[in-house]
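To keep things clear, I will list the structure first and then write my remarks on it.
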There are 2 protein chains.
Amino acid sequence: MRPRSVTLLDVARAAGVSRATVARVINGDGYVGEETRSRVEAAVQATGYRPNVVARGLRTQRSYTIGHIVLEIGANPFFTHVVRAVEGEALANGYKTFLFNHKGNTADERLAVESFIERRVDAVIFTYAQDAANIALLRAAAMPVVQIERQRTGDTSAVLVDNPAGVRMAMRHLIGLGHRRIAFIGGDPALYPHARIQPRSIEEERLDTYRDCLREAGIDPDPDLVRLGRYIKLGADGSDSEGYRHTRDLLALAERPTALFVGTDMLATGALQALYEARLRVPDDIALVGFDDTLAPHLAPKLTSVAQPMAELGLTAFQLALAAIEDPRSAPRVVTLAPHLVVRQSTAPPSGSTRPADPPAREGEIASRQTV
Amino acid sequence: MRPRSVTLLDVARAAGVSRATVARVINGDGYVGEETRSRVEAAVQATGYRPNVVARGLRTQRSYTIGHIVLEIGANPFFTHVVRAVEGEALANGYKTFLFNHKGNTADERLAVESFIERRVDAVIFTYAQDAANIALLRAAAMPVVQIERQRTGDTSAVLVDNPAGVRMAMRHLIGLGHRRIAFIGGDPALYPHARIQPRSIEEERLDTYRDCLREAGIDPDPDLVRLGRYIKLGADGSDSEGYRHTRDLLALAERPTALFVGTDMLATGALQALYEARLRVPDDIALVGFDDTLAPHLAPKLTSVAQPMAELGLTAFQLALAAIEDPRSAPRVVTLAPHLVVRQSTAPPSGSTRPADPPAREGEIASRQTV
DNA sequence: TTGTATGCGTTATCAG
DNA sequence: CTGATAACGCATACAA
């Protein structure tokens, strides 16, 4: 921008009016004579004027920009979809989004927060917040904050997912198909410490629900079938070793499971690799259900998966942010969204099973959506 | 930011000095007395001052922000990686990045360009530019532009990929393993019209190289084995139908191919689904090579793939942008990067083949990198 | 209906 | 070494 760009003054001169008048026609408010308006509009065209949003932001104290702090967009397509959704809704409302990946690193998250304060974004969205202190920093700067999926502190708006509902749908689907030895590969509650806001972490909720569903069906949970670990990998590239390893171990069991329920589609990729290696077919030899519904349609076979409401997550988060921007004193709101099960090719009755059980789950969605 | 944030003036008052002095210690330039400096620093701490980058940008005519216009980040992990790389290098240089997905839509791309002009970004990077007119708009606003991977116009810097080299590595690998019936699934040159800047489009380059390699090996290219179409899908979610369909057709051939070379890892997912359905094993029954090296390590079996230099692409693009920002009159530069082949589990000699051919390609990288 | 004047928070120029 | 002071481009209260 070396060659000083066109300003209001240039347009004003070209149209033979004052800057104020030009500003009025640009922003479409205030009284402007019909003839002057068209003269100004012509001048805008002629000069190729573009409002300077930076200057406007300085004057109005609104940057029409929000910050989105993400764990690591490259770690899981889940983040890509959420980011995209936030961005889309922001755009529809005249906002742009700044992204920052903290990589699970508190120091980086703090950098993100400081950078956003310096740029005077109008609000900050976290997917996921790492450190409560960083949220406090934002609150001290009076910036609205929205937390997505994981709630670190209770003083901001949040959009959560009903995880137990997701697990229940998957488990009932498998149990309905006749499975009784269902393995669970997921996140270790001990590795994902949570704030005191919620009684249970997401990992605990999922694990508990898995066990509850088994018991409801009269099945005694077998500890051998539960494999926990880190299920959000940050190594960026490279394959999933966690799902691979656990699956291999499960296959080595004396009495192997007939179905696998894994905590993310990423884990499912590792599971599929182990199964491929063992020359087992899905769902013929073993059924597989994923979580997130990200990679699910791209895998062979196409995966049955619990779909996270990623689009709604992002959209709702932006809406909550916008509400807080427009009324800074409004009370924080927490919205919980429901996941739904997408049945594809990776689930079927256990081999040797005679009864068809459930309606032969056709490809498609079993929706279940609600807002609390 | 309702409660007016702390400004230079607040700090100045707290320290009993002028704003100019505070500015000097903040920016670390100009002479400042030792004692004043520490007094100011204390005041900065006490007040929790954060420089207002918006105001600074207005004054310095530098926003320390760049715009990145992407085809569609959700369409292919390739974009995610490039975006991430641009962003990382930007961050390391004190820049933030605005993202915009044009979805192959010229009108949206124009919106992106206008939005970036209004926000006075310091430069714009395209992955990929859709319409030359939009680049012209930017140039008229005197904004540096860098094009990644596809060069739409010749008047800006660009970072390209040596596609023929990538295809050659893959083909020599397969031919070396003993394959002679190698199918090619890729982009149809007719569907991806290119500007006149390059003699051939990327699609033409790839196809030509495929044929050249066959001929070099004394193999007469079989038109039946070439399947072209749209290989960048924008439907966002949902599976890849292109790779699936083509693969199914190829398998129905009287004399089926012993190896498949597909233009993107996304296409490979469809191919693997078709193969899974046909109960064919990879690489036992048929070999498979992907392109991009994005999903490759996540598939079963892990895919041999031509790796795009995504990190370097992004990094170099930002460097070229920065160079143009710092010296607006510098001549545009074009950098070409080389891909490399990553050999994994999906390639082996054709079934029935006796000669071990090549050194039994161990897992790992066959690097080949260069900058022209 | 239109113009004038002021300030948003910085940086930069020029005195002192 | 430090302090006034004038922009940067825009929006807006107030005059005319």
Side-chain angles (χ1 to χ4, degrees), chain A residues 1-41 43-44 47-65 94 117-122 141, chain B residues 1-41 43-44 47-65 94 117-122 141:
Chain A
M1 287 160 314
R2 237 344 74 73
R4 219 188 93 280
S5 53
V6 182
T7 77
L8 273 184
L9 186 58
D10 298 314
V11 181
R13 278 206 258 262
V17 297
S18 75
R19 291 182 303 173
T21 302
V22 179
R24 277 189 276 263
V25 351
I26 298 285
N27 299 316
D29 68 20
Y31 301 91
V32 180
E34 202 40 67
E35 195 243 0
T36 357
R37 156 166 286 115
S38 52
R39 212 165 64 243
V40 170
E41 277 163 355
V44 167
T47 53
Y49 172 76
R50 299 262 164 231
N52 181 332
V53 175
V54 176
R56 179 182 290 168
L58 182 60
R59 175 63 228 241
T60 59
Q61 304 287 50
R62 283 283 233 51
S63 61
Y64 283 95
T65 303
I117 293 180
E118 292 186 349
R119 300 219 173 223
R120 299 298 191 271
V121 300
D122 295 335
Chain B
M1 289 162 312
R2 236 347 74 73
R4 222 188 92 278
S5 53
V6 182
T7 78
L8 272 185
L9 186 58
D10 299 315
V11 181
R13 278 207 257 264
V17 296
S18 75
R19 290 180 305 173
T21 303
V22 179
R24 276 189 276 262
V25 350
I26 298 285
N27 299 316
D29 67 20
Y31 302 91
V32 180
E34 202 41 64
E35 195 243 359
T36 353
R37 156 166 285 115
S38 52
R39 213 165 65 241
V40 169
E41 276 163 355
V44 167
T47 55
Y49 172 76
R50 299 263 161 231
N52 182 333
V53 176
V54 176
R56 177 182 293 167
L58 180 60
R59 177 63 231 236
T60 59
Q61 303 289 46
R62 284 280 225 83
S63 62
Y64 283 95
T65 304
I117 293 180
E118 293 188 349
R119 299 215 173 226
R120 299 297 191 272
V121 300
D122 295 336

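Here is the naming used below: chain letters follow the sequence lines, and residue numbers restart at 1 for every chain.
Between the C1' atom of D/dA11 and the CG atom of A/Asn27 lies a distance of 7 Å, rounded to the nearest Å. Nucleotide D/dG9 holds its C1' atom 17 Å from the CD1 atom of B/Ile117, rounded to whole Å. Atom OH in A/Tyr31 sits roughly 14 Å away from atom P in D/dA13 (whole-Å rounding). What separates CG of A/Leu8 from P of C/dT6 is a distance of 19 Å, to the nearest Å. A straight line from CG of B/Asn52 to C1' of D/dC10 spans 14 Å, rounded to a whole angstrom. The CD-P distance, from A/Glu34 to C/dT2, rounds to 10 Å in whole Å. For the pair B/Arg120 CZ and C/dT10 P, the computed distance is 21 Å after rounding to whole Å. Straight-line distance from the CZ atom of B/Arg13 to the P atom of C/dG9: 12 Å, rounded to whole Å.
With C/dT10, C/dT4, C/dC8 as the choices, the nucleotide that has an atom nearest any side-chain atom of A/Leu58 turns out to be C/dC8. Side-chain proximity of B/Ser18 to D/dA11, C/dG3, D/dG3: nearest is D/dG3. With D/dC1, D/dG9, C/dT11 as the choices, the nucleotide that has an atom nearest any side-chain atom of B/Gln61 turns out to be D/dG9. Comparing C/dT6, C/dG7, C/dG9 against the side chain of B/Ala55 picks out C/dG9 as the nearest. Here the side chain of A/Arg56 is nearest to one of D/dC8, D/dC10, D/dA13, namely D/dC10.
Residue order along DNA chain C, read from the 5' end via each residue's closest nucleotide, puts B/Tyr49 first among B/Tyr49 and B/Arg24. Summary of the strand contacts: B/Gly16 and A/Leu9 both lie near DNA chain D, and taking for each the nucleotide with the nearest heavy atom, the more 5' one is attributed to B/Gly16.
The phosphate of C/dC8 has neither OP1 nor OP2 within less than 4.0 Å of any side-chain N or O from A/Thr60. Contact annotation: A/Thr21 reaches the phosphate of C/dG3 (side-chain N/O to OP1 or OP2, under 4.0 Å). Within the 4.0 Å cut-off from OP1 or OP2 of C/dG9, not a single side-chain nitrogen or oxygen of B/Thr7 is found.
Within the 4.0 angstrom heavy-atom criterion, no nucleotide atom of any strand lies near B/Val53. Nucleic acid contact class of B/Val17 (heavy atoms, under 4.0 Å, all strands): sugar-phosphate only. Heavy atoms of B/Arg50 sit under 4.0 angstrom from primed sugar atoms or phosphate atoms, though from no base atom.
B/Arg19 contributes no side-chain N or O that forms a donor-acceptor pair with the base of D/dA4 under 3.5 Å.
Side chain of A/Thr60 to main chain of A/Arg56: a donor-acceptor pair is present (N/O by atom type, distance under 3.5 Å, no hydrogens or angles). One N or O on the side chain of B/Asp122 and one on the backbone of B/Tyr64 form a donor-acceptor pair closer than 3.5 Å. Looking only at distances, a side-chain donor or acceptor of B/Thr47 sits under 3.5 Å from a matching main-chain atom of B/Ala43.
Side-chain polar atoms of B/Arg119 and A/Thr65 form a donor-acceptor pair below 3.5 angstrom.
Scanning all heavy atoms of the two residues, the minimum distance from A/Val53 to A/Ser63 falls at CG1-O, 4.5 Å. In terms of heavy-atom proximity, B/Arg39 sits nearest to B/Ala15 at NE-O, 3.0 Å.
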